[in-house]
Protein chains: 2
Amino acid sequence: MTGITRTRTCPPPMNDGGAVREVFDRISDKWSLLVVGALREGPLRFGELEKAITGISQRMLTLTLKHLVQDGLVSRTAYAEVPPRVEYEVTPLGKTLVPLVIALAEWAIEHRDEINANRRGALPPTGS
Amino acid sequence: MTGITRTRTCPPPMNDGGAVREVFDRISDKWSLLVVGALREGPLRFGELEKAITGISQRMLTLTLKHLVQDGLVSRTAYAEVPPRVEYEVTPLGKTLVPLVIALAEWAIEHRDEINANRRGALPPTGS
DNA sequence: CCGCATCCGATTTGATACTG
DNA sequence: CAGTATCAAATCGGATGCGG
């Protein structure tokens, strides 16, 4: 039988038993998506990433990169030279995520004003 | 001088001076995207959300909803009846974010195994 | 230059109990 | 049912110092 009698209008990708949550918990921390976004155009050195992502601390960059490398989203290449050089780059797997990050970034830019307006302006008419 | 020979291939949507960061800081907390995703198909009551998002605490759900309402991504409708009923729903603005969340969720499902394999299996060949 | 380890304060989170 | 309040715990995040 095979009848998939699903009454839903579209296949709900959430609620698959935790797969989404599992991955979301990884990428929805404060910096992961920013780092992936920063690497969208090509490899970057540690210091370059630090400058590209304003506000991130060395510690958080290190930790975030370690996680991303562990998950296989980013690759790390250390060149044994003096001075040392280390480059980070999105892996093929990471590349598949980049477009989504960019889409999210574009959404953020596009709706930033509206969100800010809501956040500040939603005051009641009692304002006199 | 001059020579910024930066070969920029496409307009980088990041680094616009903080707009992305501003919004990202809002939505990249642990629960916001999950809540938006849970509301993708229609209004849900408080308790329904609690059940839909496994693992969230009452407190976190309350706080997250409050933020989302404040930002205008979610609307809250309280019906003055007994027992009380409150429904949450994505606003038109929130609806524009839903597709991105779904895309992210689909990505998560699609690459979950690969990520987990990397996380666990990246062990050195010493595995005897 | 890269990046890890430690200390320490700030923020976030969750369990529980209580109100409308 | 929906939401608040309080407290303790866990985590985050930054500054600093050290090692490769």
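None of these values were measured; they are calculated from a predicted model. Quick note on labels: first sequence line is chain A, next is B, and so on, each numbered from 1.
The CH2-C1' distance, from A:Trp31 to D:dG13, rounds to 9 Å in whole Å. Going from atom CG of B:Leu49 over to atom P of D:dC1 covers 14 Å, rounded to whole Å. The nearest whole Å value for the distance from the NZ atom in B:Lys30 to the C1' atom in D:dA10 is 10 Å. Rounded to an integer number of Å, the gap from A:Phe46 CZ to D:dG20 P is 18 Å. Rounding to whole angstrom units, CG of residue A:Leu61 and P of C:dA5 are separated by 15 Å. Rounding to whole angstrom units, CE of residue A:Met60 and P of D:dT11 are separated by 13 Å. In this structure, A:Leu44 atom CG and C:dC2 atom P are separated by 11 Å, rounded to whole Å. Taking atom CD of residue A:Glu87 and atom P of nucleotide C:dG3, one finds them 11 Å apart after rounding to whole Å.
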Next on the checklist: Evaluate A:Val98 against A:Val36 for side-chain contact (heavy atoms from CB on, under 4.5 Å), listing each step before the verdict.
Outcome noted: CA-CA 7 Å; A:Val98 167; A:Val36 172; 4.0 Å; yes
Next on the checklist: One pair to check against side-chain contact (heavy atoms from CB on, under 4.5 Å): A:Glu89 and A:Leu39. What are the steps and the verdict?
Outcome noted: CA-CA 6 Å; A:Glu89 184 176 14; A:Leu39 292 173; 5.9 Å; no
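Between A:Lys66 and A:Pro84, the residue whose closest nucleotide on DNA chain C is further toward the 5' end is A:Pro84.
In this structure, B:Tyr88 does not reach the D:dC1 phosphate: none of its side-chain N or O atoms is under 4.0 Å from OP1 or OP2. In terms of phosphate contacts, A:Arg45 brings a side-chain nitrogen or oxygen within less than 4.0 Å of OP1 or OP2 of C:dC2.
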Pick out the pairs of N or O atoms, protein on one side and nucleotides 15-19 of chain C on the other, that lie under 3.5 Å.
none

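Annotation for A:Arg45 and A:Pro84: closest pair NH2-O, 3.6 Å, computed over non-hydrogen atoms.
Under the ring pair (Phe, Tyr, Trp, His ring centres under 6.0 Å) criterion, A:His67 pairs with no residue at all, not counting sequence neighbours.
Rounded to 10 degrees, the angle separating the terminal axes of the helix from C:dC1-D:dG20 to C:dG20-D:dC1 is 40°, with each axis obtained from five end pairs.
The residue A:Tyr79 sits apart from the nucleic acid: no heavy atom pair falls under 4.0 Å.
Under the 3.5 Å distance criterion, the side-chain polar atoms of B:Ser28 are left unmatched by any main-chain donor or acceptor of A:Ser28. Checked by atom type and distance alone, the side chain of A:Arg40 pairs as donor or acceptor with a backbone atom of A:Gly37 at under 3.5 Å. A donor-acceptor pair is defined here as one N or O able to donate and one able to accept, closer than 3.5 Å; such a pair exists between the side chain of A:Thr96 and the backbone of A:Leu93. The backbone N or O of A:Ile115 lies less than 3.5 Å from no partner atom in the side chain of B:Arg26, so there is not a single donor-acceptor pair.
Contact check for A:Phe46 versus A:Gln58: side-chain heavy atoms found under the 4.5 Å cut-off.
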